[in-house]
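To keep things clear, I will list the structure first and then write my remarks on it.
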Amino acid sequence: MEEKLNERHKDFLRLIVEEDIRTNKYGGKVITRFPPEPNGFPHIGHAKSICLNFGIAKDYNGVCHLRMDDTNPTTEDMKYVEALKDSIKWLGFDWNDKLFFASDYFGKLYDYAVRLIKMDKAYVCSLSEEEIRKYRGTVTQAGKESPYKNRSVEENLDLFARMKAGKFQNGEHVLRAKIDMASPNMKMRDPLLYRIKHAHHYRTGNEWCIYPMYDFAHCLSDYIEGITHSICTLEFENNRELYDWILDELELELPRPYQFEFARLSLNYTVMSKRRLLELVEQKYVSGWDDPRLPTLAGIKRRGYTPESIINFCESIGIAKSNSTVDFAQLEFCIRDDLNQKVPRVLCVMKPLKIVIENYPENKVEMLDAPYYPHDVPKEGTRKLPFSREIYIEQSDFMENPSKGYFRLALGQEVRLRHAYIIKCEQVIKDETTGEIVELRCTYDESTKSGLRAEAAGVALPTRNAVTGEQPSSGADNSGKKVKGTIHWVSAQHAKKVEVRIYDRLYLVENPDGPEDLNPDSLQVLTDCYIEPSVAEEKIDDRYQFERQGYFYRDPINSVGDKLVFNRIVPLKDSWGKAMAKQQNPS
RNA sequence: UGGGGCGUCGCCAAGUGGUAAGGCACCGGUUUUUGGUACCGGCAUCCGUAGGUUCGAAUCCUCCCGCCCCAGCCA
């Protein structure tokens with residue numbers, strides 16, 4: 001663990017934490033926090049922050065709090081705190097008993113506000129919202145002081161108490177910090193600390209009608225919890241001066257927390273903002289917060305991504321301060337890399353083309369032994385794969401006029417059926433009216449049965465090499481025949497019909513603006529797919545590699561009874577497809 | 001135009017005065033009964049630009065250019 005940390009590159013935040021430990025700034029303690037506002041579903045950008053905050057705590061023997069930053073009653077909801085908790089747990093992090101709510105501090109926060117008033121560092125301002133905006137000035141022009149800035153401490157105390165007591169309407173008064181209306185930092189121009197909102201809060205109900213603003217609540221919540229390192233995203237850099245001002249002016253007992261900022265995650269071909277995500281869900285562009293095309297953690301989970309792959313992704317992208325947009329390919333690499341080592345391989349035909357093997361006996365069925373894992377994955381397990389006279393192959397695995405370099409089936413050509421025999425295409429049968437290829441007549445070569453040579457040598461078929469841990473490929477036969485291509489197939493009478501959902505990127509462009517940039521083909525539902533029976537009968541995993549196609553996840557919600565629905569998590573890399581695409585559209 | 005940040009390979013990202021790590025992507029090749037995986041090799045004479053300091057600079061100084069954030073009673 002320690003060693004792993006040392007060999008890994010340390011980001012600038014970890015360097016700061018190490019320095020603070022070294023100088024004993026907090027008595028060696030490290031307490032971070034993940035502080036979401038429960039007003040939307042967490043997405044992969046939150047995952048970056050979760051991995052950072054919980055990760056630092058884990059690396060330095062500290063703890064990480066989960067704190068709901070729930071200071072705005074009009075947008076927050078318990079369903080979002082549940083979604084947040086679910087996602088953090090799914091990622092594998094644990095806040096133990098450190099679940100907090102800023103709303104639990106409302107009483108303390110109020111007391112701090114009173115203290116600030118008594119120190120003559122805050123005042124009740126009775127300007128209208130419109131006036132406050134005007135008085136604030138602009139980025140290039142200084143603001144001007146509120147006429148209410150010189151109210152007496154007593155009057156401020158009285159007004160603030162009456163604000164709390166509900167004596168005023170929304171917007172009549174606000175509490176402001178007494179700082180500097182000419183500050184070059186807009187955040188320091190007498191920022192609002194409290195506003196009146198006669199609104200029902202999802203946790204405190206109607207107990208309060210004044211609510212603290214983010215800048216006031218956040219730093220003090222950190223302080224109350226004993227946070228040492230308050231890590232947030234870049235857009236809060238301007239708020240740091242105010243964070244420091246509040247904690248310093250209150251003359252709190254030290255040590256106190258300090259804020260550090262890092263760049264939030266952006267991913268191309270998707271959107272991350274709450275507003276955009278909400279729009280997609282509410283306008284029904286997607287099926288819900290857990291739509292597998294969404295970058296929400298609920299969607300990513302539903303798609304079939306593993307938590308490990310997301311954590312690896314978050315570690316692979318690094319932590320820095322420059323705004324950056326990570327390529328989607330990076331995420332896809334992480335999930336392939338994870339699943340490649342974990343998941344059983346099975347055969348599934350998605351766009352079936354029927355083949356009749358003319359020289360294979362009509363009623364014969366062979367149960368082939370097929371290893372679940374390839375020779376280079378050190379896991380054990382096999383299943384029985386039924387083979388018979390009528391099978392389905394993928395439509396794309398046959399070409400009437402094969403292009404150069406095509407290794408699959410063509411008239412008069414041979415191809416290997418994975419785990420089975422080499423077949424040769426003898427005849428193409430087309431629909432008389434449409435000309436569409438409806439069936440292929442083939443012959444098989446009995447001597448090409450996969451594994452024959454091993455059997456002949458008396459070796460039990462899927463035995464792992466004791467030294468390398470590798471399984472033998474099911475390749476060897478004793479025909480001496482060599483074919484370039486191997487394709488997947490399924491026995492027509494044994495296959496199970498399943499639904500497969502093919503997901504593609506949600507947007508057509510790298511930096512999408514709105515619904516006009518959506519990819520109309522982001523979801524393709526295939527209802528006529530055939531999968532080998534072991535998947536329905538054995539269910540050895542929730543995720544599979546459908547050989548030569550990709551990684552798939554049994555949809556936990558729509559797979560009901562004996563109906564199976566699979567979501568494509570990510571396709572396999574496809575160098576042939578890429579070459580073909582390049583040939584057609586060289587650029 | 002004020003203030004706060006950031007600019008190193010197509011995308012991330014190390015580097016903090018001693019002569020450009022790594023990952024992804026991409027391009028070759030080997031292995032392969034997944035056109036997958038694995039493996040081997042290639043991929044920034046250059047660090048936004050222009051000057052300067054220095055024996056020596058991506059790293060220090062100066063100018064300029066570009067991008068992001070701040071004018072919610074959102075967080």
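Values below: every heavy atom of this structure, side chains too, minus hydrogens, waters and symmetry copies. Chain naming here is simple, since letters A, B, ... match the order of the sequence lines and numbering starts at 1 in each.
- Of the side-chain N and O atoms in Lys197(A), one or more sit less than 4.0 angstrom from OP1 or OP2 of C74(B).
- When the side-chain nitrogen and oxygen atoms of Arg136(A) are compared with OP1 and OP2 of G72(B), one or more of them lie within a distance under 4.0 Å.
- For a distance-only test at 3.5 Å, the side chain of Gln330(A) qualifies as a donor-acceptor partner of the base of G23(B).
- Spacing between G66(B) and A71(B) at atom P, rounded to whole Å, works out to 23 Å.
- Within the shown strands, nothing qualifies as a pairing partner of U49(B) under the Watson-Crick or G-U definition with both distances less than 3.5 Å.
- One interatomic measurement links the two molecules: CG of Leu277(A) to C1' of A75(B), which rounds to 16 Å at whole-angstrom precision.
- No hydrogens or angles were tested; on distance alone, a donor-acceptor pair under 3.5 Å links the side chain of Asp376(A) to the base of G36(B).
- Note on Ser316(A): every side-chain N or O is 4.0 Å or more away from OP1 and OP2 of A13(B).
- At the phosphate of G35(B), OP1 or OP2 sits under 4.0 Å from a side-chain N or O atom of Arg548(A).
- OP1 or OP2 of C69(B) has not a single side-chain nitrogen or oxygen of Lys187(A) nearer than 4.0 Å.
- Comparing U32(B), G4(B), A25(B) by their closest approach to the side chain of Lys573(A) singles out A25(B).
- Rounded to whole Å, the distance from CZ on Phe333(A) to P on G22(B) is 15 Å.
- Remark: the separation of the C1' atoms in C63(B) and C70(B) is 26 Å, to the nearest Å.
- For the pair Phe12(A) CZ and C6(B) C1', the computed distance is 12 Å after rounding to whole Å.
- In this model, the phosphate group of C27(B) is approached by a side-chain N or O of Lys582(A) to a distance below 4.0 Å at OP1 or OP2.
- In terms of heavy-atom proximity, Cys232(A) sits nearest to Arg33(A) at N-NH2, 4.2 Å.
- G66(B) and C6(B) make up a base pair, with Watson-Crick or G-U wobble contacts both under 3.5 Å.
- In terms of phosphate contacts, Thr75(A) brings no side-chain nitrogen or oxygen within less than 4.0 Å of OP1 or OP2 of A75(B).
- With a glycosidic angle further than 90° from 0, G28(B) counts as anti.
- Thr140(A) has no side-chain polar atom (N or O) that falls below the 4.0 Å cut-off from OP1 or OP2 of A71(B).
- Atom-to-atom distance recorded for Lys187(A):NZ and Ile179(A):CD1 is 12.0 Å, nearest 0.5 angstrom.
- Only the C1' atoms considered, C61(B) is 27 Å distant from C69(B), to the nearest whole Å.
- No side-chain N or O of Ser183(A) forms a donor-acceptor pair with one of Arg189(A) less than 3.5 Å apart.
- Listed nucleotides: G2(B), C24(B), C12(B). Nearest to the side chain of Val326(A): C12(B).
- Of all nucleotides present, none satisfies the Watson-Crick or G-U wobble test against C73(B) with each distance under 3.5 Å.
- Comparing the C1' positions of G17(B) and G52(B) gives an interatomic distance of 15 Å, to the nearest angstrom.
- Within a 6.0 Å radius of NZ in Lys274(A), more than 12 heavy atoms belonging to other residues, nucleotides or ligands are found.
- Residue His488(A) contributes atom NE2, which lies 14 Å from atom P of U34(B) at whole-angstrom precision.
- Using atom C1' as the reference point in both C26(B) and U32(B), the two lie 23 Å apart (nearest Å).
- Between Ile317(A) atom CD1 and G22(B) atom P there is a gap of 20 Å when expressed in whole angstrom units.
- Regarding contacts with the backbone of A13(B), a side-chain N or O of Ser322(A) is found under 4.0 angstrom from either OP1 or OP2.
- Taking only side-chain atoms of Ile132(A), from C-beta outward, the nucleotide of C27(B), A75(B), C73(B) with the closest atom is C73(B).
- Looking at Thr75(A) and Glu37(A), their side chains do bring a donor and an acceptor atom within 3.5 Å of each other.
- A distance cut-off of 5.5 Å between ring centres, combined with a plane angle under 30°, places Phe407(A) in a stacking arrangement with the base of G35(B).
- Ring geometry, Tyr80(A) versus Phe41(A): the interplanar angle exceeds 60°, so the pair is classed perpendicular (tilted spans 30 to 60°).
- Between the side chain of Arg408(A) and the base of G35(B) there is at least one donor-acceptor pair of N/O atoms closer than 3.5 Å.
- At the phosphate of A75(B), neither OP1 nor OP2 sits under 4.0 Å from any side-chain N or O atom of Arg67(A).
- Remark: C1' of G3(B) and CZ of Phe236(A) are 18 Å apart, rounded to the nearest angstrom.
- The aromatic ring of Trp576(A) sits over the base of G35(B), with ring centres less than 5.5 Å apart and planes tilted by under 30°.
- Pair assignment for G35(B) gives none, since no Watson-Crick or G-U wobble pairing has each distance under 3.5 Å.
- Heavy-atom neighbours of Arg276(A) CZ from other residues, nucleotides or ligands within 6.0 Å: above the threshold of 12.
- In this structure, Arg195(A) reaches the A75(B) phosphate: one of its side-chain N or O atoms is under 4.0 Å from OP1 or OP2.
- Rounding to whole angstrom units, CH2 of residue Trp245(A) and P of C70(B) are separated by 22 Å.
- Taking every side-chain heavy atom of Thr71(A) into account, A75(B) is the closest of A75(B), G36(B), C26(B).
- At a cut-off of 3.5 angstrom, the base of U34(B) holds no donor-acceptor pair with the side chain of Gln549(A).
- Here the separation of G10(B) from C46(B), taken at their P atoms, is 14 Å to the nearest Å.
- Across the P atoms, G35(B) and G48(B) are found 44 Å apart, a figure rounded to whole Å.
- Atom NZ of Lys321(A) sits in a crowded spot, with more than 12 heavy atoms from other residues, nucleotides or ligands closer than 6.0 Å.
- Asn238(A) has its CG atom 12 Å from the C1' atom of G2(B), to the nearest Å.
- Evaluation of the ring pair (Phe, Tyr, Trp, His ring centres under 6.0 Å) test over residues 175-200 of chain A, restricted to residues two or more places apart or in two chains, returns Phe160(A)-Tyr194(A), Tyr194(A)-Phe216(A).
- Nearest nucleotide to the Gln545(A) side chain, out of U34(B), C26(B), G5(B): U34(B).
- Between Arg240(A) and G4(B) there is no side-chain polar atom (N or O) within less than 4.0 angstrom of OP1 or OP2.
- Between the C1' atoms of G22(B) and C43(B), the separation comes to 14 Å (whole Å).
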